[in-house]
Peer 1: 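Got a structure here, written out as structure tokens. Questions coming.
We use all heavy atoms of the structure for the numbers below, so side chains are in, but hydrogens, waters and symmetry mates are not. Order of listing sets the numbers, starting from 1, for every ligand and every atom in it.
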Amino acid sequence: MPAFLTHEQLKDIADQFGTPVYVYHAERITQQYKQLTDAFTGMPVTFFYASKALTNINILKHIRSIGCHVDCSSINEVHLAVKAGFAPQQILYTSSNIDFSEILTARELGVHINIDSLSNLKKFAEKFGNSYPVGVRLRPNIMAGGNLKISTGHNRSKFGIPVEDVNAVVDLVNSTGLNIRTLHIHTGSEIKDVEVFAKGIEVLFELVPLFPQLEVIDLGGGFKVPFVPGEKGTDISLLAAKVKEEFDALEKQTGRRLQVWFEPGKFLVSEAGYFVTQVTVLKQSGDIRFAGVNSGLNHLIRPMFYGSYHHIENISNYNGSQLVYNVVGNICETDNFAEDRPLSEIREGDYLVFYNAGAYGFEMASNYNSRFKPAEVLVKHDEYHLIRRRDTIEDLLQTQLIVEE
Ligand code: LLP
């Protein structure tokens, strides 16, 4: 089965379900997961899908069905994972700056927890001592990632306990018996360079002797996938070889065989997702050709928020002659999807597809301008399943309470 959807399939879906619509390809997710497990064969590795990338319950269920575990960034994501059928030991909760009550709930549910502040770690240690193994998220002071907004491991980042404060964690262990099972880092998103992961391992390995109960090194997510045609993603085979080399060396030196955890988000779902929009208005302004679509930054915020490139194709006139366009949305502020982009000639009514839309696409969508959020369709075994209907006007009012006049 090909690991991509054809223009014909995307057009059929747009005709059948309307636009704008997010389309996800189950087999592509499976293929990405297999690429990871194949590369790391023979190593004690577990992958936890970073569900923040895309939480539709049908996606979560598919992820579970292929044997992948799940990483959550809020207690609500934990509840969704439970609803999707994950067992507690398959669920990891890696939080940032959350109220301690969420950690209590996570503990009641019996899921793995990575704690990212001394404040919450202290509360946890005082309450539970050695009775519930936990992970600590450390800040490795490594600058990496596609852009500053998605770089999380540098020395001014809010994430984790700064690695230079690790002695405070050790003191807690000594005074309360706290069982630190996992050391965690997540250095950033879209990290192409395998050496960044190697540097992270180096930082954590120095700390291993401090934590006798340690069983797991959790290296977070952040594998890069190609967005621009011809671009290369993280070399997963090289990464696997490097990780194996480092962990084998640690075992040789110390006799300790640690498990490796990863939390990939984009790697699993980015390329499996397509966002199909329809051109509503063509407008010429001086030498600029605007193609306005029935969507905007409310549906796909990545270009405006991160300056991200999303490849676009005119699937209604793929073989048309090439012209240069600014592809823009219908929102009441500047919402460029692409500037000076060569595309096959666009007519009003044409379908434009945005690639790499599976991760942080629908998930970051909003109802800004009181627009409806897009529908979502899952393609599995070449069958189309509507997995989220488009909003209606009732949805916009659903949580509002009307004050009597
Ligand atoms: N683990 C932790 C603790 C994370 O914070 C993240 C992402 C991941 C794993 C997954 O990273 P990934 O494999 O997807 O790169 N909205 C941004 C990305 C923000 C990522 C936040 N944390 C974007 O659209 O690029």
Peer 1: What do you reckon, does K52 put a non-hydrogen atom under 4.0 Å from ligand 1?
Peer 2: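 The answer is yes: ligand 1 sits under 4.0 Å from a heavy atom of K52.
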Peer 1: Please list, in number order, the atoms of ligand 1 under 4.0 Å from a heavy atom of A50.
Peer 2: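 Selected atoms, number and element: 8 (C), 9 (C), 10 (C).
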Peer 1: Does any non-hydrogen side-chain atom of F362 lie less than 4.5 Å from one of F275?
Peer 2: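 F275 vs F362: side chains apart.
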Peer 1: Is K149 positioned over the aromatic face of F305, cation under 6.0 angstrom from the ring centre and no more than 45 degrees off axis?
Peer 2: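 Yes - K149 lies over the ring of F305, closer than 6.0 Å to its centre and within 45° of its axis.
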Peer 1: Mind telling me whether F17 and Y384 have parallel, tilted or perpendicular rings, with 30° and 60° as the class edges?
Peer 2: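 Aromatic pair Y384/F17 classed perpendicular.
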Peer 1: With a 3.5 Å distance limit and no angle check, can you tell me whether S151 reaches the backbone of A144 through a side-chain donor-acceptor pair?
Peer 2: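 Yes.
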Peer 1: Classify the contact between Y306 and ligand 1 as side chain, backbone, both or neither, using a heavy-atom distance cut-off of under 4.0 Å.
Peer 2: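 The part of Y306 near ligand 1 is the side chain, not the backbone.
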Peer 1: For H186, which part has a heavy atom under 4.0 Å from ligand 1: side chain, backbone, both, or neither?
Peer 2: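 Near ligand 1, H186 shows its side chain, while the N, CA, C and O stay back.
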Peer 1: Using a 3.5 Å cut-off on N or O atoms only, is G265 in polar contact with ligand 1?
Peer 2: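 Yes, since at least one N or O of G265 sits under 3.5 Å from an N or O of ligand 1.
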Peer 1: Considering non-hydrogen atoms of the protein only, which is the closest contact for atom 19 (C) of ligand 1, and what is the distance?
Peer 2: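 Of the protein heavy atoms, I150 CG2, 3.9 Å lies nearest.
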Peer 1: Using a strict 4.0 Å cut-off to heavy atoms of R137, name the atoms of ligand 1 that fall inside it.
Peer 2: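 Listed by number with element, the hits are 3 (C).
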Peer 1: Of all the heavy-atom pairs spanning S344 and N314, show the shortest one and how long it is.
Peer 2: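 Residues S344 and N314, closest heavy atoms: O-ND2, 3.4 Å.
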Peer 1: Going by the atom numbers of ligand 1, which of them fall below 4.0 Å from some non-hydrogen atom of D71?
Peer 2: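 So the answer, numbered in order with elements, is 1 (N).
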Peer 1: Mind listing the closest non-hydrogen atom pair of D116 and K158 along with its distance?
Peer 2: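 Closest approach of D116 to K158, heavy atoms only: OD2-O, 4.2 Å.
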Peer 1: Determine the sole option in W261, F40, F223, F267 for which the ring pair (Phe, Tyr, Trp, His ring centres under 6.0 Å) test with F47 is passed.
Peer 2: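 Answer to the ring pair (Phe, Tyr, Trp, His ring centres under 6.0 Å) test with F47 among W261, F40, F223, F267: F40.
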Peer 1: Would you check whether E363 reaches within less than 4.0 Å of ligand 1, judged by its heavy atoms?
Peer 2: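 No.
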Peer 1: Pull out every atom of ligand 1 sitting under 4.0 Å from any heavy atom of R302, numbered as shown with elements.
Peer 2: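 Answer, ordered by atom number: 23 (C), 24 (O), 25 (O).
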Peer 1: For atom 20 (C) of ligand 1, what's the nearest protein heavy atom and its distance?
Peer 2: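 Minimum-distance protein heavy atom for atom 20 (C) of ligand 1 reads Y360 OH, 3.6 Å.
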Peer 1: Does any N/O atom on G222 come nearer than 3.5 Å to any N/O atom on ligand 1?
Peer 2: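 N/O-N/O distance under 3.5 Å: yes.
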Peer 1: Given S101 and D99, is the side chain to side chain donor-acceptor pair (under 3.5 Å) satisfied, shown in steps?
Peer 2: CA-CA 5 Å; S101 60; D99 191 85; 2.7 Å; yes
Peer 1: So which heavy atom in the protein is nearest atom 9 (C) of ligand 1, and how far is it from that ligand atom?
Peer 2: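 So the nearest neighbour among protein heavy atoms is E263 O, 3.2 Å.
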Peer 1: Is the terminal nitrogen or CZ of R388 (NZ for Lys, CZ for Arg) located under 6.0 angstrom from the six-membered ring centre of Y22 and within 45° of that ring's axis?
Peer 2: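 Judged by the rule (NZ or CZ under 6.0 Å from the ring centre, within 45° of its axis), R388 is not positioned above Y22.
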Peer 1: For ligand 1, is any non-hydrogen atom under 4.0 Å from K149's backbone (N, CA, C, O), its side chain (CB onward), both, or neither?
Peer 2: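 Near ligand 1, K149 shows nothing, with every heavy atom at 4.0 Å or more.
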Peer 1: What I want to find out is whether E164 reaches R139 closely enough, with some N-O distance under 4.0 Å, to be called a salt bridge.
Peer 2: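 The answer is yes: the pair qualifies as a salt bridge.
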Peer 1: Decide whether an N or O pair under 3.5 Å exists between T94 and ligand 1.
Peer 2: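 Such a contact does not occur with ligand 1.
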Peer 1: With a 4.0 Å cut-off on heavy atoms, does A359 reach ligand 1?
Peer 2: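 For ligand 1, residue contact (heavy atoms, under 4.0 Å) with A359 is absent.
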Peer 1: Checking the N or O distance criterion of under 3.5 Å, is ligand 1 in contact with H184?
Peer 2: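 Among all N and O atoms of H184, none is under 3.5 Å from an N or O of ligand 1.
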Peer 1: Compare all side-chain heavy atoms of E231 with those of K192 and state whether any distance is below 4.5 angstrom.
Peer 2: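 No. Closest side-chain heavy atoms not under 4.5 Å.
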Peer 1: May I ask you to say whether R257 pairs ionically with D248, meaning some side-chain N is under 4.0 Å from a carboxylate O?
Peer 2: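 D248 and R257: salt-bridged.
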Peer 1: Check S189 against ligand 1 and report side chain, backbone, both or neither, counting heavy atoms closer than 4.0 Å.
Peer 2: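 Within the 4.0 Å criterion, S189 contacts ligand 1 through backbone and side-chain atoms alike.
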Peer 1: Output the list of atoms in ligand 1 that are nearer than 4.0 Å to some heavy atom of P264, sorted by atom number.
Peer 2: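 So the atoms of ligand 1 that pass are 13 (O).
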